[in-house]
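Quantities reported herein were computed from a predicted structural model and do not represent experimental measurements.
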Amino acid sequence: LFSQHGLSQSTATWPNRTVKIISGLGPGSSMDLVARTIAPALSEIWGQSVIVENKTGAAGNVAAGYVAGMEDDHTILIAQNAITISASFYPKLSYNLKKDLKPVSQITSMPLVVIVNNNLPVKNLKELIEYAKQRPNELNFSSAGIGNADHMAAELLNAQAGITMTHVPFTSGALALNALIAGDVQMYLPGLPVSLPNIKAGKVRALAVTTSKRAPALPEVPTVAEAAIPGYAMPLWYGFFANQGMSDASMKKLASDLNKALKTPDIQNKIGSSGIELVGSAPEAFKTFVNNETELWAQTIKARNLKPD
C-alpha cells in the first residue's frame, strides 16, 4: 500500500526536477529550432528547468538509442519521420522502437518543399520529371543524411515518378542546402523553416510541397499530388517519445502540457506563423500514427529495395 501510494504521489508531481529533451539532429536544424522554442514554454508550465541536448548521428538513432537505453522519466526524445523509417531501413539498431520507446505526442506536421537550383531549366514538377526521365542517373539530389525524412521523401518521389536521380547525402540540412544553391546538386527537399527564407530570398526555386494540402506560407506552390503525382503525400512531423521509465499518467501529463504550450501566443507566433501545423496529440493517437508510419515505410523500403549503403 505504501509503495503504491508513493508511486501515485511521484506521478502526480511529475516533473519534479530538470527535464532533458534529447534531439538527434544538430543545432540550426528545423527540429532543433522547434525543440528550443517549446522548451521555455514547458519550463514555465512546470516550474522546472527544461534543457535541449543534441546527440547527433545515424539519422537520429544515436539519440533514440540513448533515451531508449535508460529508465529515466525526466529524459525525453524529440524525433521525426526517420525514427519510423529506421525500424526497417537499418538491419541492426541499439533499440527496438516498439519495445523500448513510447510515443507520447505528435508536436508538429509540416511540408517538405521540393526545391531546385535556379539554373535548372524547369519551371514546375512535371517539367523536372520529364527532364530527369531524359537524363537517367545524371541529376543529383541532396539530403541531411541517409535515412532522414528529406532523403526518403525524394526516394518516394523518384519511385512514384519513375525517375532515377542520384542521392548525395550530407551531415546537415545546411550543407545539403548549400550544395543545391552552389549547383552541386539539382534538387533538395528540406522542411519549411529551412526552405522558406531561401525561397523568399530567390536563392532557390520551389516546385511543390509534400503535404496533401498547400502550405499557407507558400499558397502559390502546388502539392506534389496536384502538380504531377496523384496520391503522393509525405509530411514532415516531429514528436515526443519516452523510455520505459515513464508511467502512463506522466505521459498523459506531458502530452496535455505540450498541448497547452502549443496554444501559447509565443509558440503560435514563432512556429505556427511560418505555416507549421501544431498538433499536440494524445499518446494513444500518436501511437497509432507511429505504427501506421512504420508499416508504410517497411513496405516502401522493401518495394524500392533501399539499403543504408
Side-chain angles (χ1 to χ4, degrees), residues 10-56 60 62-64 66-67 70 72-83 101-110 144 149 172-174 190-197 216-217 235-243 245-247 249-283 285-286:
S10 67
T11 302
T13 56
W14 186 96
N16 51 26
R17 54 188 162 88
T18 297
V19 174
K20 281 186 189 175
I21 300 172
I22 308 297
S23 168
L25 298 180
S29 66
S30 296
M31 188 167 81
D32 189 70
L33 294 170
V34 167
R36 289 179 192 280
T37 306
I38 288 168
L42 288 173
S43 178
E44 198 160 307
I45 290 169
W46 294 333
Q48 299 286 349
S49 297
V50 180
I51 56 175
V52 179
E53 277 186 14
N54 304 88
K55 294 196 179 290
T56 59
V62 170
Y66 173 78
V67 175
M70 52 173 59
D72 172 22
D73 66 357
H74 284 63
T75 301
I76 56 180
L77 175 73
I78 185 170
Q80 47 111 298
N81 307 55
I83 200 165
L101 289 168
K102 300 178 180 182
V104 177
S105 181
Q106 184 180 347
I107 305 165
T108 56
S109 180
M110 74 186 90
S172 76
L192 208 53
V194 170
S195 56
L196 198 57
L236 173 66
W237 56 264
Y238 302 143
F240 277 147
F241 292 78
N243 55 44
M246 189 178 277
S247 69
S250 296
M251 279 171 56
K252 279 181 183 162
K253 185 169 192 310
L254 170 54
S256 168
D257 290 344
L258 170 67
N259 198 294
K260 276 184 213 157
L262 294 180
K263 291 189 168 91
T264 59
D266 190 46
I267 288 186
Q268 293 280 344
N269 291 337
K270 285 181 180 166
I271 304 177
S273 62
S274 61
I276 297 170
E277 184 192 345
L278 300 165
V279 182
S281 57
F286 188 42

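Here T56 pairs with nothing under the side-chain hydrogen bond (donor to acceptor under 3.5 Å, both in side chains) rule; sequence neighbours left out. Evaluation of the side chain to side chain contact (heavy atoms under 4.5 Å, CB included) rule for A64 yields L77, I83, Y95, L101 as partners, not counting sequence neighbours. Qualifying side chain to side chain contact (heavy atoms under 4.5 Å, CB included) partners for D72, counting only residues two or more places apart in sequence or in other chains: R17, M70, H74, T75. For the side-chain hydrogen bond (donor to acceptor under 3.5 Å, both in side chains) test, no residue two or more places apart in sequence or in another chain qualifies with K252. Residues passing the ring-ring contact (aromatic ring centres under 6.0 Å, His included) test with F241 are F286, sequence neighbours excluded. Residues passing the side chain to side chain contact (heavy atoms under 4.5 Å, CB included) test with A261 are A41, L42, I45, I267, sequence neighbours excluded. Residues meeting the side chain to side chain contact (heavy atoms under 4.5 Å, CB included) test with S49, sequence neighbours left out: T18. In this view, K260 and D257 satisfy the salt bridge (charged side-chain N to carboxylate O under 4.0 Å, His left out) rule, not counting sequence neighbours.
Here the closest heavy-atom approach between residue P190 and residue S195 is recorded as CG-CB, 3.7 Å. Between A217 and L196, the closest heavy-atom pair is CB-CD2, 3.9 Å. Pairing each heavy atom of G24 with each of M31, the nearest pair is N-CE, 3.8 Å. Across Q106 and S281, no two heavy atoms sit closer than the pair N-OG, 2.9 Å. Nearest heavy-atom pair across P197 and L192 is CD-O, 4.2 Å.
Rounding to the nearest 0.5 angstrom, the gap separating the CG atom in L254 from the CE atom in M246 is 5.5 Å. The structure places CD1 of I271 at 10.0 Å from OH of Y238, a figure rounded to the nearest 0.5 Å. Note: S30 OG to M110 CE = 5.5 Å, rounded to the nearest 0.5 Å. For the atom pair S23 OG and E53 CD, the distance stands at 10.5 Å (nearest 0.5 Å). Taking CD1 from I76 and NZ from K20, the interatomic distance works out to 12.5 Å, rounded to the nearest 0.5 Å. The structure places CG of L25 at 14.5 Å from NZ of K55, a figure rounded to the nearest 0.5 Å.
Considering L262, V279, L278 as possible partners of I107, the one that fulfils the side-chain contact (heavy atoms from CB on, under 4.5 Å) test is L262.
Within a 6.0 Å radius of CD in Q268, other residues, nucleotides and ligands contribute more than 12 heavy atoms.
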Original post:
Does the pair M251 and F240 meet the rule for a side-chain contact (heavy atoms from CB on, under 4.5 Å), with working shown?
Top reply: CA-CA 10 Å; M251 279 171 56; F240 277 147; over 6 Å; no

Considering only distance and modelled atom types, tabulate donor-acceptor pairs under 3.5 Å from the side chains of residues 32-39, sequence neighbours left out.
unit_1: D32; atom_1: OD1; unit_2: R36; atom_2: NE; d: 3.3
unit_1: D32; atom_1: OD1; unit_2: N54; atom_2: ND2; d: 2.7
unit_1: D32; atom_1: OD2; unit_2: R36; atom_2: NE; d: 2.8
unit_1: R36; atom_1: NH2; unit_2: N54; atom_2: OD1; d: 2.8
unit_1: T37; atom_1: OG1; unit_2: L33; atom_2: O; d: 2.7

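Sorted by first and then second residue, the ring pair (Phe, Tyr, Trp, His ring centres under 6.0 Å) pairs involving residues 16-38 (not counting sequence neighbours) form an empty list. Sorted by first then second residue, the salt bridge (Lys or Arg N to Asp or Glu O under 4.0 Å) pairs that include residues 269-280, not counting sequence neighbours, are D266-K270. Screening residues 35-54 for ring pair (Phe, Tyr, Trp, His ring centres under 6.0 Å), with sequence neighbours left out, gives W14-W46.
Looking at S105 and N259, their side chains never come closer than 4.5 Å, going by heavy atoms from C-beta outward.
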